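Let me begin by presenting the structure, written as structure tokens, before commenting on it.
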Amino acid sequence: MKLGVCWYPEQWPEALWASDVQRMAALGLLFVRIGEFAWSRIEPEPGRFEWDWLDRAVDLAHAAGLEVVMGTPTATPPKWLVDAHPEILAKGRDGQVRGFGSRRHYCFSSDVYLEQAKRITALMADRYGQHPAVVAWQTDNEYGCHDTVVSTSDAAKAAFRRWLAERYGSVQALNAAWGLSFWSQEYRSFDEVDTPFGTVTESHPAHRQDWQRFSSAMVERFNAAQVEILRAASPGRDIVHNFMGLFTEFDHYAVGRQLDVATWDSYPIGFLGQGPFSAADKARYLRTGHPDLTAFHHSLYRACGQGRWWVIEQQPGPVNWAAWNPAPAKGAVELWGWEAVAHGAERMSWFRWRQAPTGQEAMHAGLNRPDNLPGAAWPEVEALAACLAALRPLPPRGRSDVALIFDYDSVWAVQSQPQGRDQDALATAMAWHTAARRLGLSVDIVPPDADMAGYGLVLLPGQVFVDEGFARRLEDSDATVLAGPRTGSKTRDFAIPAHLPPDGLKTLIDVTVARVESLPPGIVLPAGNAGEVTGWMEDVEAGTAVETRLALDDGRGLWFASQAAHYLAGQVDEGLLRRVLADVATTAGLSPRDLGPDVRLERRGNFNFLFNYGPEPVTIAHDLLIGQNPVPPAGVAIWRD
Ligand code: GAL
């Protein structure tokens, strides 16, 4: 894994640049990411370009032996551009223009902006596409950050109508597919269809689902345009985009397929407060981040990059954007680095080189303090760089024990028709991932169209859409399958399946979901001593060949099994989920064992990594290549088989 840093020469006096790159190289860093917000410095006025400063910065980095990941600056259209073309601005769900003065103010559906984005991308690709330092391009920056996937601009409405016309062919087909005879919602032409916002009560769920699919398609379109230009003008360089954590507003697999590498921005402590964790966990992991949140995203983005992925922004200290911004525990910055290594990241870079004294992110830590002295993370970066250099080369990561199916369309489906206020498909997927990882199992997160052959166990925590093809591939994989509530609960047109859920999964296990109920917080349905259900429960009719492994005290079946297929009919507590998973994993030939809440293991070839996210030291029985025994809080231990 190559280490690097995000560098913003445009924000600092040029007198600092030479020592910046020399100190980076001396620290063991091998690359910089630059340029992604620099439009106003590259093109200060329409058609007038100032490339010299960027030329010098790139050349300096090159001379210091650093590779360059160049960002296209399209996340920050400058003021003159916005004033010349105010129609490029996005509008919020409330119809309000999202104005200039921060970033990401453009609308993905604006053809005018798309042309501008292509223009600046082509100019940058032309200027730096062949530069020997430039090894990769990042398109834009964090698509969707600050709630910017959705726009209700005129351009977006027109594009939505075109998208619907293409998908359904005729408005009659749309009326039929969505079921618009309900409440007299039928349309006479696609031009009558509006956004799903601003209705008196909830808008039609199929409308919302398609709006989300459309919005995602607009992100894909925007990204594809840049990719095409960069591929042509800068052959041999990787094209990447930086995805976010806890973010599902567009289909990251689809954007990932356009790229060479998926990268993501990892802020373990920033995300902790926003994640679906208990108050106790938020306190326990205040300074390390949750033991599985980072790993979840590493696995997810590995799938999005079809095996190739980087962490392009890594938290070096307190951030500025969470509700509260605690500092990392001593060791945590290094621990996050090793998690990325264990999961097979090719590169990792910290955000940012030096804390900025001004601007929205002035309170965000960097590797250097604003006075240019090393910040608190510096020694950990130094240690990681030195250890990595000594360890190289590491074996490839290889396939994990378990595949967990994660599907953006299914996440949106739960949002489009939640049927219980706190229903959250991402949180459910993360809970299942945690259960598996706490059992010492390694997990690949994969899209529903992934090849599942070779996995012993496939988890479906919330696969709302189960068509025949998907079910057949599951069956052909010969894997043991554990499916959760809501599996196969909608058709792609957003209807309840004709023969009721779990739709296509019935070919694997003969169960029918006859009724569902959602439950408010605090309501608990016990299942004897085994555990309990909260939030969601289904009444399942099981065929004669199906065994009921566990039932609620009220008599309703909860865990159903038929040969290698298992169905869970309710949202079970952490302990019960782990128990079920351990049992199912054992029958699948795996060796689960409870590691407790704080410790996690990963394997990379014959290298074993142990991470201690908890507040207590952990004693282990191995001779260590790296680390101390007992492993301190926020410590890492590495040993070889
Ligand atoms: C990311 C973003 C960066 C910076 C960083 C601060 O979301 O890509 O530009 O804002 O967060 O943590």
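Note that ligands are numbered from 1 as they come in the structure, with each ligand's atoms numbered from 1 the same way. Just so we're clear, the structure is a prediction, and the values are computed from it rather than from any experiment.
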Would you say ligand 1 has an N or O under 3.5 Å from any N or O of [X]?
{"X": "Tyr8", "value": "no"}
{"X": "Trp321", "value": "yes"}
{"X": "Asn141", "value": "yes"}

Taking the basic N atoms (NZ, or NE/NH1/NH2) and the acidic carboxylate oxygens, is any pair closer than 4.0 Å for [X] and [Y]?
{"X": "Glu339", "Y": "Arg437", "answer": "yes"}
{"X": "Arg104", "Y": "Glu142", "answer": "no"}
{"X": "Arg302", "Y": "Asp444", "answer": "yes"}
{"X": "Glu228", "Y": "Lys118", "answer": "no"}

Heavy atom under 4.0 Å from ligand 1: found in [X]'s side chain, backbone, both, or neither?
{"X": "His364", "value": "side chain"}
{"X": "Glu36", "value": "neither"}
{"X": "Glu313", "value": "side chain"}
{"X": "Arg103", "value": "side chain"}

Where is the nearest protein heavy atom to [atom]: which residue, which atom, and how far?
{"atom": "atom 5 (C) of ligand 1", "answer": "Tyr267 OH, 3.3 Å"}
{"atom": "atom 7 (O) of ligand 1", "answer": "Glu142 OE1, 2.5 Å"}
{"atom": "atom 4 (C) of ligand 1", "answer": "Glu361 OE2, 3.2 Å"}

**Asked** Which atoms of ligand 1 are found less than 4.0 Å from any heavy atom of Phe37?
**Response**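 Under 4.0 Å from Phe37, ligand 1 has these atoms: 9 (O).
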**Prompt:** Which atoms of ligand 1 are found less than 4.0 Å from any heavy atom of Asp265?
**Reply:**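 Close to Asp265: 8 (O).
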**Request:** Just grab all the side-chain hydrogen bond (donor to acceptor under 3.5 Å, both in side chains) pairs involving residues 87-100, residues at least two apart or on different chains.
**Result:**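 Matches after skipping sequence neighbours: Arg93-Asp147.
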**Message:** I'd like to know if the side chain of Ser216 and the backbone of Asp251 have a donor-acceptor N/O pair within less than 3.5 Å.
**Reply:**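 At least one qualifying donor-acceptor pair exists.
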**Asked** Is the Lys NZ or Arg CZ of Arg354 less than 6.0 Å from the centre of Trp12's six-membered ring, within 45° of the axis?
**Response**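 Yes, Arg354 lies over the aromatic ring of Trp12.
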**Request:** Among Asp140, Asp265, Thr263, find the residue that satisfies the side chain to side chain donor-acceptor pair (under 3.5 Å) test when tested with Asn242.
**Result:**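 Option passing the side chain to side chain donor-acceptor pair (under 3.5 Å) with Asn242: Asp265.
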